[in-house]
Amino acid sequence: MNVALLVRYRRLTQRFFERMRHLPNFAAPATFTEKIHWRKIFDDDPRFAVVLDKLKAKQFVRDRLPWLHVPAALWQGDNPRDIPFGGLKVPYIVKCNHGCAMNAVVADPAQVDGNAIIADMTRHLAETYGDRKLERSYAHIERKVFVEALIGKDQAYQPIDYKFNVVAGRVALVVVTAFRSSVRKTALFDRDWRRLAVAQGGIDATLEIARPESFSRMVEAAETLGSEFDMIRVDFYEDAGEPVFGEFTIYPRSGLQQFDPPAFDRELGARWDIAASRYLKCPPGWFARWHRAALAAAGHI
């Protein structure tokens, strides 16, 4: 079965091999990165489109954690030409809700180039984000553009990003990302803020950073929000000592993290039980039922 999947999804296979230098097992995944690819191929859980939608995710979080700060949308709509640039007086960011890296930062509203932002957002709205990488849940999102206030003024509006990988309702990995003089630096920690001797290939892992004041509350929030999924990443910022919700990620780094040492990929993957996925818990058809039985018979779940 795996040979057939490698051929059918040859673009995924090629990208995985180029990055990881070995062929993946899409049929019976063992590593964290293989399991992300397994999710892409098989598990189109309808809840994914809810949490990946940057607008619906806000309400998803508010319904579960009323105490957690969720940046409000100052404006939202279907047409970027309707953005009320003249009425926006605080530093803000314009985003599309159906993908990543679809945004424009406006640190000084008096200097905004509205025409450029309209052009960029119009182009983004026409894109099906994740299509080439088979991150298909993004395609189910009703596309909108929205505006929210920037945070992190004391960090030049590039606040430190705390990314919590939650597996089976428990934080398994924390990736901290910060920009220092425009250089992206990271550090990896466990649930108790113990630094891990692990890096992600191609990314500077020398970031020195103290435990954030709100770290315990971030862990609490991440585990509450992640408890409904077999694996999800929940991102936060910190503002005035309080956690601020960022976004959810279903396909971290599109399953192409080059962990160093590579053994960490398998270690993290061992904690993720895909038997808890919607696809295997509620098989949508005969093939899914057969796949579940085959994985169980081989001891993979």
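FYI, the numbering just counts along the sequence from 1.
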With side chains defined as the heavy atoms from C-beta onward, is the minimum distance between [X] and [Y] less than 4.5 Å?
X: Y237; Y: Q155; value: no
X: I160; Y: E238; value: no
X: I250; Y: V51; value: yes
X: R292; Y: I301; value: yes
X: V175; Y: N165; value: yes
X: R8; Y: T13; value: no
X: V145; Y: W75; value: yes
X: I203; Y: T177; value: no

Are [X] and [Y] linked, directly or through other ILVMFWY residues, by side chains that come within less than 4.5 angstrom of each other?
X: W67; Y: V244; value: no
X: L88; Y: Y157; value: no
X: L12; Y: F48; value: yes
X: I93; Y: F146; value: no
X: V105; Y: V147; value: no

Checklist entry - When rounded to the nearest 0.5 angstrom, what is the spacing between NE2 in H37 and CG in L5? => result 12.0 Å

Checklist outcome for this item: Taken to the nearest 0.5 Å, the spacing of K133 NZ from I36 CD1 works out to 11.5 Å

Checklist outcome for this item: For L125, the other hydrophobic cluster members (4.5 Å side-chain criterion, sorted by chain and number) are none

Checklist outcome for this item: Residues joined to M20 in its hydrophobic cluster, side chain to side chain under 4.5 Å directly or through other members, sorted by chain and number, are F16, L256

Checklist entry - Is there any ring pair (Phe, Tyr, Trp, His ring centres under 6.0 Å) pair reaching into residues 87-139, and which pairs are they, with sequence neighbours excluded? => result Y129-Y138

Item to check | ring pair (Phe, Tyr, Trp, His ring centres under 6.0 Å) contacts in which one or both residues fall within residues 238-262, not counting sequence neighbours | outcome: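 Every ring pair (Phe, Tyr, Trp, His ring centres under 6.0 Å) pair that includes a residue of residues 238-262, provided the two are not neighbours, is F60-F248, F245-F248, F259-F264.
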
Item to check | Note: K144-D78 ion pair, threshold 4.0 Å (strictly below) | outcome: yes

Not counting sequence neighbours, list each pair that qualifies as a side chain to side chain donor-acceptor pair (under 3.5 Å) and has a residue in [range].
range: residues 101-118; answer: none
range: residues 39-66; answer: R39-D230, K40-S254, D44-S137, D44-H140, D45-R47, D53-N97, K54-E247, K58-E148, Q59-D63, R64-E228
range: residues 273-291; answer: none

Set of residues satisfying side-chain contact (heavy atoms from CB on, under 4.5 Å) with respect to [X], sequence neighbours excluded:
X: R191; answer: R170, V171, V219, E223
X: D131; answer: T128
X: R211; answer: W193, F215, S216
X: T122; answer: P80, I118

Item to check | With E242 via side-chain hydrogen bond (donor to acceptor under 3.5 Å, both in side chains) - residues at least two apart | outcome: R217

Checklist entry - Would you find more than 12 non-hydrogen atoms of other residues, nucleotides or ligands less than 6.0 Å from R81 atom CZ? => result no

Next on the checklist: Is it the case that atom CD in E127 sees more than 12 heavy atoms from other parts of the structure closer than 6.0 Å?
Outcome noted: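 Counting neighbours around CD of E127, more than 12 heavy atoms of other residues, nucleotides or ligands fall under 6.0 Å, so yes.
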
Checklist entry - With ring centroids as reference points, do F164 and F236 lie under 6.0 angstrom apart? => result yes

Next on the checklist: Under 3.5 Å, is there a donor on one side chain and an acceptor on the other for Q257 and R19?
Outcome noted: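 No donor-acceptor contact under 3.5 Å links the two side chains.
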
